Amino acid sequence: SQQGEEDPQALSIQEGENATMNCSYKTSINNLQWYRQNSGRGLVHLILIRSNEREKHSGRLRVTLDTSKKSSSLLITASRAADTASYFCAVEDMNRDDKIIFGKGTRLHILP
Amino acid sequence: NAGVTQTPKFRVLKTGQSMTLLCAQDMNHEYMYWYRQDPGMGLRLIHYSVGEGTTAKGEVPDGYNVSRLKKQNFLLGLESAAPSQTSVYFCASSYSRTGDTGELFFGEGSRLTVL
């Protein structure tokens with residue numbers, strides 16, 4: 001079964017606005033990662049947050065992790081057309097031999 | 001750097017035929033993974049390997065076999081293809097457990113259609 005579940009499934013915003021995507025998971029994790037996938041391409045790693053961290057920044061990306069609620073959020077500030085892509089969270093499941101399990105993704109569309 | 005290379009990129013099979021997808025990485029990574037991606041399902045882990053000569057089952061291993069005879073290569077085999085195996089297959093690699101090193105590196109995908 002899927003571990004990470006992203007919300008919303010799809011999101012359309014105007015260029016320049018901020019985009020927020022959420023991820024929920026069900027078990028204990030070592031870390032949580034976010035990936036981006038452009039149409040027809042492979043996934044590209046964006047950022048990793050460890051289970052003992054609460055917030056992390058990388059450029060225009062801000063990730064938060066709440067292990068008590070088993071949830072994470074990805075914020076993209078000042079969105080650009082090039083941010084149009086699908087975004088996936090992935091968790092390293094401590095209870096499943098450290099398998100890396102992905103969610104179903106959020107499709108983000110930046111409107112010009 | 002080539003990174004992770006998958007071959008072939010596209011393939012059409014008839015039900016019952018067999019084929020092998022090849023994944024090659026030039027980063028000296030220990031861990032390698034095969035995922036399938038279907039519309040609305042995200043990525044699901046098929047099999048993975050934590051080092052040369054080792055393999056392990058993922059979430060959806062049935063109908064697939066894998067081999068890791070060389071550290072740089074991870075092969076995914078379909079012995080008797082079924083229409084349900086129509087999908088886009090992604091290979092990924094990492095230096096070690098991602099908790100230690102931070103990321104998976106993905107290939108560009110192999111699109112398989114089974115008629």
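Just so it is clear, the model here is predicted, and its values are computed rather than measured. The chains referred to below are lettered A, B, ... by the order of the sequence lines, with proteins before strands, and numbering in each begins at 1.
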Would you check, one step at a time, whether the test side-chain contact (heavy atoms from CB on, under 4.5 Å) holds for Leu104(B) with Tyr35(A)?
CA-CA 9 Å; Leu104(B) 296 177; Tyr35(A) 287 80; 3.3 Å; yes
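Under the 4.5 Å side-chain heavy-atom criterion for ILVMFWY residues, a single connected hydrophobic cluster contains both Val63(A) and Val91(A). When hydrophobic clusters are built by joining Ile, Leu, Val, Met, Phe, Trp and Tyr residues whose side-chain heavy atoms come closer than 4.5 Å, directly or via intermediates, Val60(B) is not grouped with Leu75(B). Hydrophobic clustering of Ile, Leu, Val, Met, Phe, Trp and Tyr side chains at less than 4.5 Å, counting indirect connections, unites Val50(B) with Tyr35(B). Using a 4.5 Å cut-off between side-chain heavy atoms of Ile, Leu, Val, Met, Phe, Trp and Tyr, with links allowed through other members, Ile46(B) and Tyr31(B) fall into different hydrophobic clusters. The hydrophobic clustering, which links ILVMFWY residues whose side-chain heavy atoms are closer than 4.5 Å, places Ile13(A) and Leu61(A) together.
Scanning all heavy atoms of the two residues, the minimum distance from Leu45(B) to Ile100(A) falls at CD2-O, 4.3 Å. When every heavy atom of Glu103(B) is checked against every heavy atom of Gln33(A), the shortest pair comes out as CA-OE1, 3.5 Å.
Every residue two or more places apart in sequence or in another chain that forms a salt bridge (charged side-chain N to carboxylate O under 4.0 Å, His left out) with Asp38(B) is listed here: Arg36(B), Arg44(B).
If you measure heavy-atom distances from Lys57(B) to chain A, the contacts under 4.5 Å come from the backbone alone. Only the side chain of Gln37(B) comes within less than 4.5 Å of a heavy atom in chain A; its backbone stays farther off. Neither the backbone nor the side chain of Gln9(A) comes within contact range of chain B, judged by heavy atoms closer than 4.5 Å.
Within residues 105-115 of chain B, the residues having any heavy atom less than 4.5 Å from a heavy atom of chain A are, in residue-number order, Phe106(B), Gly107(B), Glu108(B).
Sorted by first and then second residue, the disulfide (SG to SG under 2.5 Å) pairs involving residues 14-75 of chain B (not counting sequence neighbours) are Cys23(B)-Cys91(B). Listed by first then second residue, pairs satisfying salt bridge (Lys or Arg N to Asp or Glu O under 4.0 Å) with a partner in residues 60-74 of chain A read Glu55(A)-Arg62(A), Arg60(A)-Asp83(A), not counting sequence neighbours.
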